[in-house]
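Below is one structure, written out as structure tokens, with a few remarks after it.
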Number of protein chains: 2
Amino acid sequence: MNCWFTEMQTPDMAISCRVKKTLHEEKTPFQHLAVYETDQFGRMLALDDVIQTTIMDEFVYHEMITHVGLNTHPNPRRVLVIGGGDGGSIREILKHPSVELATLVEIDERVIAAAREYLPEISCALGDPRVRVIVDDGIKHVKENRDTYDMIIVDSTDPVGPAEGLFGRAFYQDVHDALTGDGLFVAQTESPFFNRDLIPRIIQNVRSIFPVTRLFLACVPTYPGGLWTFTMGSKKYDPLEANLEQLPDLKTRYYTPAVHRAAFVLPPFVEELLQSEEG
Amino acid sequence: MNCWFTEMQTPDMAISCRVKKTLHEEKTPFQHLAVYETDQFGRMLALDDVIQTTIMDEFVYHEMITHVGLNTHPNPRRVLVIGGGDGGSIREILKHPSVELATLVEIDERVIAAAREYLPEISCALGDPRVRVIVDDGIKHVKENRDTYDMIIVDSTDPVGPAEGLFGRAFYQDVHDALTGDGLFVAQTESPFFNRDLIPRIIQNVRSIFPVTRLFLACVPTYPGGLWTFTMGSKKYDPLEANLEQLPDLKTRYYTPAVHRAAFVLPPFVEELLQSEEG
């Protein structure tokens with residue numbers, strides 16, 4: 001079979017992978033949703049023809065968007081995931097015994113349904129009694145829930161379409177207000193190679209609201225360029241000073257305490273994204 | 001213009017980039033050589049339709065294949081690059097004042113010529129008086145030059161075609177013998193996602209010859225999956241114990257002493273490549 005999925009990662013660059021079978025395809029009220037069985041990456045979820053997650057490399061993204069923040073906060077009890085309908089972030093959050101309630105607010109219920117059906121390795125924790133699944137707009141949810149969460153994870157698509165509002169200053173202010181007094185948030189914030197205008201704006205916005213703002217890196221092969229940024233805004237705790245000595249066994253394939261620390265070591269070409277708006 | 005270059009990164013995965021102009025194309029005695037002007041990556045060198053280097057991201061690869069080793073050795077005077085006909089590794093090596101002679105042994109003189117003509121930002125140091133350019137087989141060169149180099153850099157193409165012999169035990173033994181008594185080598189050793197059979201074999205071979213064997217990581221967007229491994233074999237010095245306090249200003253965009261140390265922090269899915277052959 002010579003069927004290929006191609007994602008235009010930028011107007012001038014594409015990634016393609018051979019498709020064994022199209023497992024599911026539909027137009028939801030929000031986006032085009034597809035699940036493919038691929039030869040290279042295993043099952044793969046694409047939204048509007050952009051790869052969201054694959055069985056091969058989802059562990060990198062889901063471990064890094066969750067554990068870095070969860071291990072920075074000494075006692076995260078209530079955790080919110082905005083987006084992340086595949087359930088991968090929820091699965092990782094539940095590895096932390098301190099967590100009493102993990103809330104998923106996904107705008108597109110069809111993403112959740114597709115993940116439950118076709119990506120059980122990723123969505124497996126969505127039925128856990130500690131999980132609350134809400135189909136709603138994350139922007140609305142943080143506006144309506146003040147002083148509620150110890151940690152918020154912004155597990156969004158790219159800043160076009162339904163997720164555009166998740167990258168603006170007003171949203172970060174609402175995230176701040178939805179957090180408890182010592183809360184923190186982590187958001188996926190795109191590529192340091194291909195989003196060099198966006199990242200300084202995000203950093204500037206987060207810095208204007210949170211006393212602690214940090215950028216960290218991980219390498220996700222199916223995302224443009226591999227290297228990926230995550231931004232943390234924190235009211236109190238600094239991920240560089242986190243006590244990582246006595247952690248539960250997280251059974252991770254990418255995250256470790258040493259990887260936590262190394263992820264904040266930025267090459268100069270990334271560091272300059274943080275400094276460009278300071279002058 | 002809607003002309004695209006596509007590299008089959010594996011039989012089931014491809015990367016494509018829009019080509020503004022084909023600057024050069026030829027069949028050399030060793031391989032197909034092309035230089036493209038691309039919209040995304042700037043000028044790009046491809047050998048047998050595999051991306052070797054691009055103006056956009058070459059700094060990551062060339063800084064990491066050179067400075068980690070050069071800063072591990074306290075006084076590298078004579079340095080050999082095998083392959084690397086684009087000259088990027090030579091450019092970085094010459095930033096170290098201790099280096100008296102940098103020797104490039106490239107099997108395909110047409111690669112050097114194309115780099116000199118089309119990639120001056122990368123090849124710019126090849127005319128330096130401290131540089132000796134030899135067109136020859138690197139395997140032969142290390143056999144014929146014993147106890148000669150303080151550091152050897154294996155800046156090769158993938159382990160198919162002309163570079164296949166640069167990944168075998170016999171070659172690593174010759175590299176060992178071409179090094180001085182406290183010498184070390186660094187080789188590019190492919191992707192921890194897509195070359196999971198190859199890397200443990202390399203590590204096993206290097207460990208059987210060198211007292212210090214270390215794997216480190218960097219993220220090169222135009223290589224498959226982004227995340228890339230480099231292997232160091234060293235007779236004496238350990239990169240984890242290198243004194244990185246008083247370095248010359250290397251004017252780097254990726255490498256720093258902190259990045260040096262962080263590059264050796266391996267996620268568990270990479271660490272297991274090192275352990276798989278120990279049992």
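Letters go in sequence order (proteins before strands), and every chain restarts at 1.
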Quiz prompt | No-hydrogen, no-angle side-chain donor-acceptor test under 3.5 Å, B:Thr53 and B:Asp86 | solution = no
Practice problem: With a 4.5 Å cut-off on heavy-atom pairs, point out which of B:Cys219, B:Gly226, B:Pro224 contacts chain A the most. | Solution: B:Cys219
Quiz item: Between B:Phe5, B:Phe41, B:Tyr118, which is the residue that forms a ring pair (Phe, Tyr, Trp, His ring centres under 6.0 Å) with B:Tyr36?
Solution: B:Phe5
Self-check item: Per-residue contact mode, A:Phe193 against chain B (heavy atom under 4.5 angstrom)
Solution: side chain
Quiz item: For B:Phe59, is it the side chain, the backbone, both or neither that has a heavy atom under 4.5 Å from a heavy atom of chain A?
Solution: side chain
Exercise. For the residue pair A:Lys95 and A:Glu92, establish whether any side-chain heavy-atom pair is separated by less than 4.5 Å.
Key: yes
Quiz item: Side chain, backbone, both or neither: which part of B:Phe194 has an atom under 4.5 Å from a heavy atom of chain A?
Solution: side chain
Self-check item: Salt bridge present between A:Glu190 and A:Arg196 (N-O < 4.0 angstrom)
Solution: no
Quiz item: By a 4.5 Å heavy-atom criterion (distance strictly below it), what part of B:Val60 contacts chain A: side chain, backbone, both, or neither?
Solution: side chain
Self-check item: Pairing of B:Arg43 and B:Glu121 as salt bridge, 4.0 angstrom limit
Solution: yes
Quiz item: Given that the side chain runs from C-beta out, which part of B:Leu217 has a heavy atom under 4.5 Å from chain A: side chain, backbone, both or neither?
Solution: neither
Exercise. Would you please test B:Glu63 and B:His67 for side-chain hydrogen bond (donor to acceptor under 3.5 Å, both in side chains) and show each step?
Key: CA-CA 6 Å; B:Glu63 291 178 12; B:His67 300 311; 5.7 Å; no
Quiz item: Which of the residues A:Ala262, A:Cys17, A:Ala14 is involved in the greatest number of heavy-atom pairs with chain B at under 4.5 angstrom?
Solution: A:Ala14
